[in-house]
Every structure is written in structure tokens, then in C-alpha cells.
Protein chains: 2
Amino acid sequence: MKTNERPTYSQIAIHAGVSEATVSRVLNGDLKVHPERASRVHAAVEALGYKKNRAATALASGRTGLIAVVIDDDLSVFADPFWATVSSGISRVLLENELQTLLMVASVDKADGPVAHYLEGGEVDGAIFFQLHKHALVRRLSKQGLPVVIAGSPNSNSELIFADTDNFGGAAQATRHLLSLGCQNVATITGDVEASAGLQRLNGYQQAHREVGKIASKALILQGDYTFESGMRLTAQVLETNPEIDGIFAANDLMALGAIRAIEESGRSVPQDVKVVGFDDSVMATNSKPSLTTIRQDIVGLGAAVAELMIASLNGEIVTPRILKTELVIRESA
Amino acid sequence: MKTNERPTYSQIAIHAGVSEATVSRVLNGDLKVHPERASRVHAAVEALGYKKNRAATALASGRTGLIAVVIDDDLSVFADPFWATVSSGISRVLLENELQTLLMVASVDKADGPVAHYLEGGEVDGAIFFQLHKHALVRRLSKQGLPVVIAGSPNSNSELIFADTDNFGGAAQATRHLLSLGCQNVATITGDVEASAGLQRLNGYQQAHREVGKIASKALILQGDYTFESGMRLTAQVLETNPEIDGIFAANDLMALGAIRAIEESGRSVPQDVKVVGFDDSVMATNSKPSLTTIRQDIVGLGAAVAELMIASLNGEIVTPRILKTELVIRESA
DNA sequence: GGTTTCAGTGAAAGCGGTTTCTCGGATACC
DNA sequence: GGTATCCGAGAAACCGCTTTCACTGAAACC
């Protein structure tokens, strides 16, 4: 195939006048090598344009330099740029640390599929999972000693390491904003409350109410599914049954836009009659009419945080979950 | 780290009563092994739950089983789910073929960065690039014998292998639709015409005009940049200068939505006064008001096609570019 | 029937690193 | 000054699989 005459340790060793063992030590940061010899090695590496062979390193050391990013294809990878953005953040940071990102898009449900097989086969040094519900696989891998980091929160209080946006805080922020604008009856359209993100956003909404001595009425909590359609439908319904509503916090932008549509179709206007806040600060938020007040999360930052946790884990450091702050972006809708 | 007592060839060989060389032959599909011995090997593999060690295979054979997917981070990976979707299509197909997807998000411009280094280092069996303009790197790698496939079209008539949506055909389809609805003055808002996709969509628009004996006036060709804002701004301008316009083909949905906004703000209505067709069939297309008539492209299919081309290349087959058909989705806007 | 092919197989030499083990010399200790 | 320690460095084994090479017995040929 390629007759690339890539130099090997033996060439470096000869060039530097040391043994291969010493070359290895120097290149792996072993401090017990005499500085002068070390610098000779470095010079040789430079001169010959040497680059380590991953396969050989992996075989000899057992470390592959590969981190799997596992995406369940149930996930709406296809509709939502969210995960892609997180991935890019991850990839970038890993790359800076000489690690490669192995992207695995597959059904992870069956804890015995090819993905599981692969991960358990020792082909990667660690695995990053995207917000998943209750996969036994993750636990199992973790128990087996494979460093695992979750992007998003695992919903049980497991010992898994994760990084996540402050869904709770962000939702509270959004709701507080509505309340502070004078809204008396603030409804919420939740996301999937089976998953942690959805639940946390709901909790944040309730928390903001508690802070001002209110209790969010059950009737004002509408279970959506992150789609435009659900936002629109639920809002239309609740406007019928609870016409006193003057504020809505939707767990994502798409549902918020759906809500706005329903509000307008009911003859009311946003933000005069009903104020609306979304979550995500997606592209649509800027361009919608009225533009959407929403909660911005640092998605690339989330990816970076996840990668950093992984790296720390690999280094054997004791790591704790990371929660990323959100930001309220005020536009026209509230 | 892991004391996984994974079986090796030697165990299989003993269990099956053959040599390691024979085990290797069987596992690599060498037909010259006696069927009976072969089945003994397979039985042993089954019994011991054997799984090949990638690193060892890579070291010995020079094939890593890894395909790089290189994404220039200039690209709007962050805003547009398009590339994520393509990636998932790629990853899925590669996985089915025992290949892994290495995701590299980095600046590729400098043909000498870490990415280039990595790809030239023989660490991957092939590389997939996302729609790029004129990178010398791609050519170089290709010349070096590394199988390279482009997702999207390279704009020069190079010998690079690629798969792409039929941008030309789709744009023609869209424009024809407008013309067939009786539009007399159809404008287009282009994407980046420096890149092939943008140019091809413009060409398709012109082709449709030619088919009916018209020539698209220069004044009606507006150079956008795929953003909502550009669609809106350019439309507002052209409505001033060319009020006779009664149809607009935008090179993507976002700009189409921008156009609709501008049209409505000018006091006209869609589709009565001006009809609008977009391109992509994104989520927004369904949910906008009026909903958007647009050109749907099979994005996952594009990913799959790219992966298939890569696999064929790896097998030494002679491959030719693949162009994927588009589909006109008629909704309210035209 | 004897010599050539040839297909099938095993022994063994790598692939390019890492790591253990050993050893010589220098330092420390009594 | 002699022995016990220690440290830095090299030799060599090893990681698990692929592939060349040589060899065997059988089929093919004259």
C-alpha cells in the first residue's frame, strides 16, 4: 500500500546513540533519563520527523488512544444540532490531548449489540455516552473499569461521572423572569420528564414559584415532547381551559415557537397578552417573530467539559460532575 | 488495567488442533483452508468467545479499520444539523462493515496541522471530507494513495470520488414548480456560490428557465449566505427594485423563511402574491407559517452513499461519484 | 514409475513499540 | 577501604496477529 519509510525507534536510537528502551522512556516522559541523552533523543526525533505508530503503541501498552462517543440512534441526532455541537466540542478537546474520537452511532438498547461488544473488547480507553435513560450497559462498562462519562445527567443518583447544563437553574431563571415581569399564571410545557433534562427543567419551574410563595398549579404543567406540534397543541388546549394564563415557559425553543403560534391563533398576542420563554437559544429563537426570549446554554462548552472529565478520569484523578451555568437571553417574547 | 483474559490465536489454535497461521487464514477468509479445519476453527472461536485484537491486527497488517471523518470547524457544524446527520449515516454503514468512524473536528486549512499529520501518518485506512472548497490537503492525501471520499461535490473537475445531493436537479425542480404555477418573474437567493452546492443550485435555477425559453435576469439573482437574515434583507431590497417578482427560489430553507418574512412585511402575502420554495426540508419548513414548499434531500442516504463509496474504494474497486435524487415537497408557500 | 506441479499447512520472522530484568558504576554507610 | 544501595541504561522478552517461506503428501504429467 504505502511504502512510507517512517522512522522507527531503532533509527532514533541509532541517531541519538542510545538504546530503544531509552527512546521509549524519553518519549513517554520518564524523568529518570539523563537530560543530555533525553535532548539527544528529542533532537533525533525532530531531525527524522518521527511520529509514533499508534497500533504498535496500543498493542504494547494496551492503551489505544481512542475514546468512543456513543450516540443512540433513537436520539434525535437527526433533527437537533445539539448533539453534533457537543460532539464537536468533545472532539476538539480530545484532539488537543492526543486522543481520537470514535463516533459510534447505533442502537445501544440491546446491551449486547456490536457496540457493547466493541466497548467491552478493550478497543477504546474510555467511552462517552449521550444523555441516556437507564442503560445497564453503561453501568456494566463502568464497573468493568472502563472510564465512562455522560454528557447530560444520568437520572438515578448513580456514581456515574457526567457534565450537564444547569437545567434546573436555567428553568428557574426563565420562570423567575416571567414572574418578575408580572405574570400571575405561568404555565410550563415540559420535555420528556422521563429523562433528567426534562425533569430538571420542570423542577426549576416549580422552584421559581416556590421562591415567591406560589405553587405551580397542576393544570398549568403540560407534558410536551420537544416538538413544535406538541407546544402548539398543548398551548391551544390550555388557553381554552385556563384563559387566565399570561406566561409560558417551554422546555425548548421549538415548543416555545409552537406555543407562540397557538397564542396568536387564539387571537392573543405575544408578549402583550402572554409572555413566552424558551430554552436552548437555537437559530430559530433569533429569527422568529416575535423573537424568542430564551435560556442559552454553552453547548460546545458542555462537550469540552465532558472531554475534560474523561481526560481527568484517564489520568486516574478523582472527578466530580460538572454543571454548566446558563444565561437568560432577553428578546421580544418576554 | 484490565486483566481480561481474552483468548488469543494460540488458544484457538490449540482448541482447534491447528496452527496459528491456519487460524489467521480462516479468520481472514482465506479459501485455501480445508473446510473441516476451518469449521473447527470457527467452533473454537465460538466456544472461547474470541474477538480479534484491533491493535495487533493493525500493527501486523497495516490496516487500522479506522476511517477518518474530517470536519472543518469553519463549517457550520454548530448551527446546521446537516453534517451531523450525514455523519450518522456514515457511521452506521461503516459500523456494519466492521469499520470505525474517527471524528476529527479541527481546522483543516493549514495543510500541515495535526489533522494532516495524523492522516498522513497511516493511522487511518481512509478519509472522508465534508464539502470543502479547494484544499490541497485532500489532493495530496489522495495522491499518496489514501482512499479519500468527499461528501458534497468538489468544485473543480478533479478526480476525487464523491457523493452528493443532486443540487442542480433539485434546484431545477424547485424552479420548474414555480414556473409551472404561473410565476413570471422568479428570483433566486443563492447560497455561497464559491462552493459547488451553491453554484449548482444557481445553475439549476437557470436551467429551468432555459427549458421554457426564458433567461433568468441578472437582477433577480441575489447572493445570499444561507442565513435567515440574508434571505430577508435581499428579498426586501429586490421587492423595492423589482416589484414584479412573483416567485422566489431560495437555496436553503432558512433564507426562504427570511424571504417570506420580508414579503409579508412589504404588505404582500405568500403564496398569493409571491410564491416561495426552499431547499433542504428542514424542521422549520414544516412548522413555519405558511409552511414551506421545499426540496427534500436524503441526508442519511448521502452519508450511507459516502460510506459505501469508501468501502468500495478500500476493496480496490473502481468507483464513480454518486448523485442522489431530490424530492419536491409541496406545502403552502408555493 | 519417476519427476513435476501444486495445494494445504506449520514454523518462524516480523510489525513497532513497552516493560521487565539485569547489570555496571556511583554514592552512601560503617 | 569495603560492603550495601541506588540509579540510570541496555538487552531482551513480549503484546497478538499477519505473512513469508519451506515442507509435505497428493495429483498430474511423460
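Chain letters run A, B, ... following the sequence lines, proteins first and then strands; every chain starts at 1.
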Does a side-chain N or O from A/N53 land closer than 4.0 Å to OP1 or OP2 of C/dC15, or not?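 No, because none of the side-chain N or O atoms of A/N53 sits under 4.0 Å from OP1 or OP2 of C/dC15.
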Between B/R6 and D/dC17, does any side-chain N or O lie under 4.0 Å from OP1 or OP2? no
Assign A/S24 to base, sugar-phosphate, or nothing according to its heavy-atom contacts below 4.0 angstrom with the strands shown.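 Here A/S24 touches the bases of the nucleic acid.
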Remember a base hit wins even if backbone is also touched, and classify A/R54 as base, sugar-phosphate or nothing at under 4.0 Å, heavy atoms.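 No contact.
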Measuring only between side-chain heavy atoms, which start at C-beta, is A/L95 closer than 4.5 Å to B/V105?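 A/L95 vs B/V105: side chains apart.
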Among [options], which nucleotide has an atom closest to any side-chain atom of [X]?
{"X": "A/A60", "options": "C/dG10, D/dT18, C/dT18", "value": "C/dT18"}
{"X": "A/S61", "options": "C/dG16, C/dT19, D/dG16", "value": "C/dT19"}
{"X": "B/A56", "options": "D/dC17, C/dT18, C/dG16", "value": "D/dC17"}

Per the end-axis method with five pairs at each terminus, what is the bend angle of the helix from C/dG1-D/dC30 to C/dC30-D/dG1, to 10°?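 So the angle between the two local helix axes works out to 40°.
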With the threshold set at under 4.0 Å for non-hydrogen atoms, list the residues of residues 9-17 of chain A touching DNA chain D in residue-number order.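 Close to the strand, none.
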Would you indicate whether A/E98, at its atom CD, is surrounded by more than 12 heavy atoms from other residues, nucleotides or ligands within a distance under 6.0 Å?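 Counting other residues, nucleotides and ligands, CD of A/E98 stays at 12 neighbours or fewer.
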Tabulate atom names and distances for all N/O pairs under 3.5 angstrom spanning the protein and nucleotides 5-9 of chain C.
unit_1, atom_1, unit_2, atom_2, d
C/dG8, O5', B/K32, O, 3.3
C/dT9, OP1, B/R37, NE, 3.1
C/dT9, OP2, B/H34, N, 2.8
C/dT9, O3', B/R37, NH2, 3.1

